Asker: 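Below you'll find the structure I mean.
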Amino acid sequence: MNRLLNKDDNLSILIAGIFAIIVGIGVARFAFTSLIPSMLQDYLDITFAGILASLNFAGYLTGSILSVFIKDINQKVVLFRIGLVLAILTTFVLGFSTNETYWIIARIIAGFAGAMALVVGSAIVMTKLKIESKTKAMGIHFSGIGFSILTTDLINRYILSSGGTWQESWKILAIFGAILSIYSIYILSFDKEVKQNVVKHKFDISIFTIFVILLIMAYFTEGVGFVVQGTFLPDIINNLPGLAGYGNLTWTLVGLAGIPSCIIWMRLAHKYGSINIIIIALLIQMVGILIPTFTNNIYLNLLSGIFYGGTFIGLVALFMNLGGQLAKHNPVVLMGALTTSYGIGQVIAPLYSVYLIEKFGNYDYALYLTAFIVFGGVLLLFIAKKFETEKI
C-alpha cells in the first residue's frame, strides 16, 4: 500500500499514468465510439457524429502541438491537471445536455484535454520514472490506451444492459474519471518546483532528409487509418447483415488486443528494425479495415477488431520512437511535424467518411478509401527504406 501512495515509486507512477490515459483518452474520447450506436437511436445522426469526432481530433491536434513547445516540467504539471479537469467537465456536459452547440464546444475541449492527459502526462511519467530502461516502461504506460478502451466500454455495456441510458453512461463515466484523476494528480506531481537547465539547440536542417519527409507522410496515412475505425467500428459491425448487436463486443476486443500490443511491437522493432515492423503493422491494419467490406462472418469481423486494436497503439509508439531516434537532441520540430501530420489525418478522415456514408448508404466506400490511404503509407515506407541509414 505504501508503494501505491509513494510519488517516487515506479509502480505508482505507471499506474497514475495509465489512469490519466483512461480519463483523457478513454472517458474523453473512446467512450464516444462505444456509445455511438445508442446515441444514433435517439439523438445523433451519422453526419453529426462524424463532425463531432473530427472536432475532437482537432482539439487533440491543438493540444498536442502546444505540448511540444512547453519545455518546463512545472508548466506541464499545471497543463496536465487542467486537462484532467476539462476531460471530466466536458463529459458531464454530454450527460446533462443535448444542445448541439454545447456538444461541439465540449468535444473540442475534450480533445484538447486528451492531449494534455496523454502527451503531457507521458512527459511527466518519463521525467519521474527512475528506471534504467525507460523505453520498456513507457511501453507499459502506453498500454493504458488499450485499458482506456476496455474499461470505458465495459462500463457503458453494463449501464446499457442494466436498462440505463447513454446520458447516464456519460454521467457515470465522468464520476469514474474524477475518482481516477485524484490519484493521477497526486502521484504525477513534484513536492517542490523542479529546476531545469533548458539547452537550446540550433535546428539542423540535415535531419529533413527524404527519409524523414517520407516518414512524416506515412504517419499521416496512419492518422487516417486509426480514426475511421476508432470512430465508427461498433456501428460498422452492427450494420452488417446478421451482426446487429455485435459492435460493442468487437470494440471490447479492440481494447483487449490493444493492452499488450505496444510492448510486443516495440520488442519486434528492436529485433527486426522499426521500418520493417511498421510496414507489417500497417498491412495488418489494412486487412482489418477491409474485412467488413467483403464478409459478414462474425469471427472474421471480430478479428477485424483485434487487428485494429493490436496495431494502432503500437504504430503510434513505433513512429514516435523512430522520430525520437532521428531527432536526437532537438526533437521539437520533428515531433511537431509528426504530430501535426497524424492529427491532420485524424481530422480529415471522419469528414470524408460521413460524406461517403451519406452518398452510398453504407460504410464500404469509406473503408475502401481508408485502406487505400493506409496502403499508400506502406508504399511510402518501402521507398523510405532506400534512404534508410544504419544509424536509423
Side-chain angles (χ1 to χ4, degrees), residues 16-35 39 49 51-70 72-125 141 144-145 147-149 151-152 155-156 166-190 227 230-231 339 342-343 346-347 350:
I18 290 172
F19 280 4
I21 292 175
I22 291 173
V23 177
I25 302 299
V27 174
R29 168 64 193 103
F30 283 124
F32 185 84
T33 302
S34 178
L35 288 172
M39 293 188 296
I51 291 171
L52 289 172
S54 182
L55 291 172
N56 182 261
F57 287 118
Y60 181 87
L61 172 60
T62 303
S64 297
I65 295 173
L66 170 65
S67 66
V68 168
F69 295 97
I70 303 298
D72 182 73
I73 192 64
N74 304 292
Q75 292 178 3
K76 287 180 184 290
V77 170
V78 174
L79 286 172
F80 171 71
R81 292 174 174 177
I82 291 172
L84 291 182
V85 173
L86 289 176
I88 296 162
L89 292 178
T90 54
T91 303
F92 272 122
V93 170
L94 305 188
F96 284 100
S97 172
T98 55
N99 182 289
E100 292 187 358
T101 302
Y102 291 163
W103 273 55
I104 288 171
I105 296 171
R107 294 313 289 163
I108 294 172
I109 296 175
F112 177 85
M116 296 302 102
L118 179 61
V119 182
V120 177
S122 297
I124 299 171
V125 169
H141 170 70
I145 300 176
F147 279 112
S148 75
I149 294 172
T151 54
T152 54
I155 289 171
N156 290 337
W166 56 262
Q167 290 100 328
E168 291 169 337
S169 289
W170 284 121
K171 294 171 187 175
I172 292 173
L173 284 168
I175 295 170
F176 172 69
I179 294 170
L180 297 187
S181 294
I182 294 171
Y183 184 77
S184 294
I185 289 172
Y186 171 73
I187 296 295
L188 298 182
S189 61
F190 300 91
V227 77
T231 302
T339 302
Y342 186 77
Q346 289 180 317
V347 173

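Source: prediction; values computed, not measured. The basis for the numbers below is simple: all heavy atoms, side chains too, and nothing from hydrogens, waters or symmetry mates.
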Asker: In Å and rounded to the nearest 0.5 Å, what is the CD1 to CG distance from Ile185 to Leu180?
Answerer: 11.0 Å
Asker: Could you please spell out the steps behind the side-chain contact (heavy atoms from CB on, under 4.5 Å) verdict for Thr152 and Leu173?
Answerer: CA-CA 7 Å; Thr152 54; Leu173 284 168; 4.0 Å; yes
Asker: Quick one about Thr231 and Arg29 (side-chain donor to acceptor, distance below 3.5 Å, no hydrogens or angles considered), yes or no?
Answerer: yes
Asker: In the structure I gave you, are the side-chain heavy atoms of Leu66 and Phe112 within less than 4.5 Å of one another anywhere?
Answerer: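 A side-chain contact exists here, since the closest heavy-atom pair is under 4.5 Å.
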Asker: Looking at Arg107 and Ala28, would you say the former's side chain and the latter's main chain have a donor-acceptor pair under 3.5 Å?
Answerer: yes
Asker: Distance from Leu89 atom CG to Leu94 atom CG, nearest 0.5 Å?
Answerer: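 Going from CG on Leu89 over to CG on Leu94, the span is 11.5 Å.
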Asker: Out of Ile65, Leu118, Leu55, which one pairs with Tyr60 under the side-chain contact (heavy atoms from CB on, under 4.5 Å) rule?
Answerer: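 Going through the options one by one, the only one that passes is Leu118.
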Asker: If we ignore hydrogens and angles and just use 3.5 Å, is the side chain of Thr91 paired with the main-chain N or O of Trp170 as donor and acceptor?
Answerer: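 No, Thr91 side chain to Trp170 backbone: no donor-acceptor pair under 3.5 Å.
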Asker: Using modelled atom types and a 3.5 Å cut-off, is there a donor and acceptor pairing between side-chain atoms of Lys171 and backbone atoms of Phe96?
Answerer: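 Absent.
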Asker: So do Phe32 and Asn56 actually touch side chain to side chain, heavy atoms under 4.5 Å?
Answerer: no
Asker: Once you round to the nearest 0.5 Å, how far does CG of Leu79 lie from CG of Asn74?
Answerer: 11.5 Å
Asker: Once you round to the nearest 0.5 Å, how far does CZ of Phe19 lie from CD1 of Ile179?
Answerer: 10.5 Å
Asker: When rounded to the nearest 0.5 angstrom, what distance separates CD1 in Ile21 from OG in Ser148?
Answerer: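 The CD1 atom of Ile21 sits 7.5 Å away from the OG atom of Ser148.
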Asker: Within the structure provided, determine whether Pro350 and Ile51 are in side-chain contact (heavy-atom separation under 4.5 Å).
Answerer: no
Asker: Look at the side chain of Trp166 and the backbone N and O of Asn156, then say whether any donor-acceptor pair between them is shorter than 3.5 Å.
Answerer: no
Asker: Hey, are the side chains of Ser64 and Tyr342 touching, using non-hydrogen atoms and a 4.5 Å cut-off?
Answerer: no
Asker: Roughly how far apart are His141 NE2 and Ser122 OG, rounded to 0.5 Å?
Answerer: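 His141 atom NE2 to Ser122 atom OG measures 3.0 Å (nearest 0.5 Å).
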Asker: Using the rule given for side-chain contact (heavy atoms from CB on, under 4.5 Å), can you reason through Ser181 versus Ile88, listing the C-alpha separation, both sets of side-chain angles and the distance that settles it, and then say yes or no?
Answerer: CA-CA 9 Å; Ser181 294; Ile88 296 162; 3.4 Å; yes
